[in-house]
Amino acid sequence: MDLRHHLEIIRFKTVDLLPLEELEAKLRRGRPLVVKYGADPSRPDLHLGHYVNLRKLKDLQDLGHRIVFIVGDFTATIGDPSGRDTTRPRLSEEEVRENARTYFEQVSRVLDPHKTEVQFNASWLSKLCARDIVHLASAYTVARMLERDDFEKRYRSNTPIFIHEFLYPLFQGYDSYHIQADMEVGGTDQKFNFLVAREVQKHYGQEPQVILTLPLLVGTDGVRKMSKSYGNYIAFNDPPAEMYGKVMSIPDAVVPEYYSLVLYYDDRQLEEVRRQMAEDPRDTKARLAYEIVKLFYSEAAARAAEEEFNRVFRARQAPSAMPEVRVPPEGKNIVDLIYDAGLVASKSEARRLIKQRAVRLNGEVIEDPTLVLRIQEESVLKVGKRKFLKLVPAREP
RNA sequence: GGUGGGGUACCCAAGCGGCCAACGGGGGCAGACUGUAAAUCUGCUGGCGCAGCCUUCGGGGGUUCGAAUCCUCCCCCCACCA
């Protein structure tokens, strides 16, 4: 493959790819690049936002480059004392290892696990002594640290920044140095860290890495970036129906973005998507949902998810499968029933929902929270938009 | 180290002795409308044995018939000065 074509593949969908000349020089040597990807050991639940990065790593892997996953167990076990969240748990070694395992298992759905390396950064970072750390810290200045936009924002808004937080980018940079990274891949929010890493590598007399950043996928709210902490994410591990439903719930405006970043559509295809979006937004989004489920599961799963979705939300019928609850012959209070089934967090919440006419039995609104429910035959209880229970009369033992 | 300001529910933010389970906004949930989209309107958003009760306003102690509100000690944050 010629260099131009090779570069073309690498560049697809990237925001930053720099410095380009350095990348060309590295490629020209004909050696596989060491590509670094940082993994957060506290977040084993991968989502579509991660997928954007993994998809790019897959490209690089297919081009013959070496993917190295760095599990940040060092910082995870030290814990981050910033913020008032004193309860934030410090992960134990076993937890980190377990998280890394499930993480890697999910990664393997995109990358070839046999060609992907995993390294734990505590194995070298924990060996640094004070002298080493001072030396590392002299690779960068406070002024330049404060250039990072979230530091800058916090500085301006008088939110504390702790010294060790300045250290983290440096440690990440040290990781790059340690594995002799040629390139680091991540979201645009990582750009600063990646650039610091270049300085660190130079500081140690190593050729700096090339940085490759990808757009941040917007979450299901259509506003903020997809993130577990915002609760706006679609996880690799979401069951097909859930995944399908979540895609359907994204705002129209971001549909083309999903086509672009998740399905990897090129500009020509995207133009077509936009045209269809104007014409038939619902079906265009449905196709997106279908394709995404297919990507993570299978064609059959996608078809099933679609059918189920249409059944429940378009035809407004009960789902084909739902949790079953037995109702004793003497009946059971409706609030207790909803609460015991785990549909709500508290009985007060159950009462509230009833008051708001959000609870239906076989389509009939239940208004009385003191109701003792008795049933003769199988019934369907609907709570809110998407929670269903199948009620079964319990027979005498 | 000094001086001043501040810590209120998921987040921001009012309240500054009883009318406070705590204004308002955001977020979330629910209902109507719909394409589980957007927009809009409405309601809710600590818990329970729910017309009542219990727990909450950084933590402990105190004053008072009564405290988020006053006093006191402690912890934490911010700004300026050093």
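Computed from heavy atoms alone, side chains included, the values below leave out hydrogens, waters and symmetry copies. In the text below, chain A, chain B and the rest are named by the order of the sequence lines, each starting its count at 1.
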Under 3.5 Å between N/O atoms: give me all the protein pairs with nucleotides 25-33 of chain B, atom names plus distance.
from, atom 1, to, atom 2, distance (Å)
B:A30, O2', A:Gln356, O, 3.4

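- Between A:Glu257 atom CD and B:A37 atom P the separation is 19 Å, expressed in whole Å.
- Electrostatic pairing of A:Arg314 and A:Glu306 does not count as a salt bridge here, judged by no charged N lying under 4.0 Å from a carboxylate O.
- For the P atoms, the distance from B:G52 to B:A37 is 39 Å, rounded to whole Å.
- Per the geometry, CZ belonging to A:Phe388 stands 11 Å off C1' belonging to B:U36, to the nearest Å.
- Between A:Tyr174 and A:Phe171, the distance separating the two ring centers is not shorter than 6.0 angstrom.
- Counting non-hydrogen atoms under 4.0 angstrom, A:Lys285 reaches a base of the nucleic acid.
- Mapping A:Arg314 and A:Val335 onto RNA chain B via the closest heavy atom, the residue that lands nearer the 5' end is A:Arg314.
- With both ends at atom C1', the span from B:G49 to B:A38 equals 44 Å, rounded to whole Å.
- A search for side-chain contact (heavy atoms from CB on, under 4.5 Å) contacts involving A:Glu8 returns A:Arg11, not counting sequence neighbours.
- Here, B:C41 and B:G47 have their C1' atoms 31 Å apart, quoted to the whole Å.
- Only one option out of A:Leu353, A:Leu389, A:Leu381 pairs with A:Ile338 in a side-chain contact (heavy atoms from CB on, under 4.5 Å); it is A:Leu381.
- Nucleotides B:G17 and B:A13 are separated by 22 Å at their C1' atoms, to the nearest Å.
- The separation between A:Arg282 atom CZ and B:A37 atom P is 11 Å, rounded to whole Å.
- Figure legend. B:U69 is base-paired to no nucleotide; pairs are counted as Watson-Crick or G-U wobble with both atom distances under 3.5 Å.
- Checked by distance alone, A:Asp252 brings a side-chain donor or acceptor within 3.5 Å of a matching partner on the base of B:G35.
- To the nearest whole angstrom, the two C1' atoms, one in B:C44 and one in B:G26, are 16 Å apart.
- Pair assignment for B:G4 gives B:C78, based on Watson-Crick or G-U wobble hydrogen-bonding distances that are each under 3.5 Å.
- Across all strands shown, B:C53 forms a Watson-Crick or G-U wobble pair with B:G47, both key distances being under 3.5 Å.
- Applying the Watson-Crick and G-U wobble criteria (two distances, each under 3.5 Å), B:U40 pairs with B:A32.
- A:Ile250 places its CD1 atom 12 Å from the P atom of B:A37, with the value rounded to the nearest Å.
- Between A:Leu212 and A:Lys56 there is a side-chain heavy-atom pair separated by less than 4.5 Å.
- Rounded to an integer number of Å, the gap from CZ of A:Arg287 to C1' of B:A37 is 17 Å.
- Distance check on atom P: B:G7 versus B:C70 gives 11 Å, rounded to whole Å.
- Under the 3.5 Å distance criterion, with hydrogens and angles disregarded, a donor-acceptor pair is assigned to the side chains of A:Gln209 and A:Ser176.
- In this entry B:C19 has no Watson-Crick or G-U wobble partner, no candidate having both defining distances under 3.5 Å.
- A salt bridge is absent between A:Glu257 and A:Lys285: the closest approach of a Lys/Arg side-chain nitrogen to an acidic carboxylate oxygen does not fall below 4.0 angstrom.
- Nucleotides B:G2 and B:C11 place their C1' atoms 34 Å apart, quoted to the nearest Å.
- When the P atom of B:A37 is taken as reference, atom CG of A:Asp280 falls 16 Å away, rounded to whole Å.
- For the pair A:Glu306 CD and B:U36 C1', the computed distance is 15 Å after rounding to whole Å.
- Salt-bridge check for A:Lys58 with A:Asp112: failed, with every basic side-chain N at 4.0 Å or more from each acidic carboxylate O.
- The side chain of A:Ser348 contributes no N or O atom lying less than 4.0 Å from OP1 or OP2 of B:G46.
- Rounded to whole Å, the separation between the P atoms of B:A67 and B:C75 comes to 26 Å.
- Applying the 3.5 Å distance criterion, the base of B:U36 shares no donor-acceptor pair with the side chain of A:Arg311.
- Between A:Tyr264 and A:Phe12, the ring center distance clears the sub-6.0 Å criterion.
- Rounded to an integer number of Å, the gap from NZ of A:Lys246 to C1' of B:A37 is 17 Å.
- The residue A:Pro281 sits close to a base: some heavy atom pair falls under 4.0 Å.
- Of the listed nucleotides (B:G49, B:A37, B:G47), B:G47 has the atom at the smallest distance from the side chain of A:Arg352.
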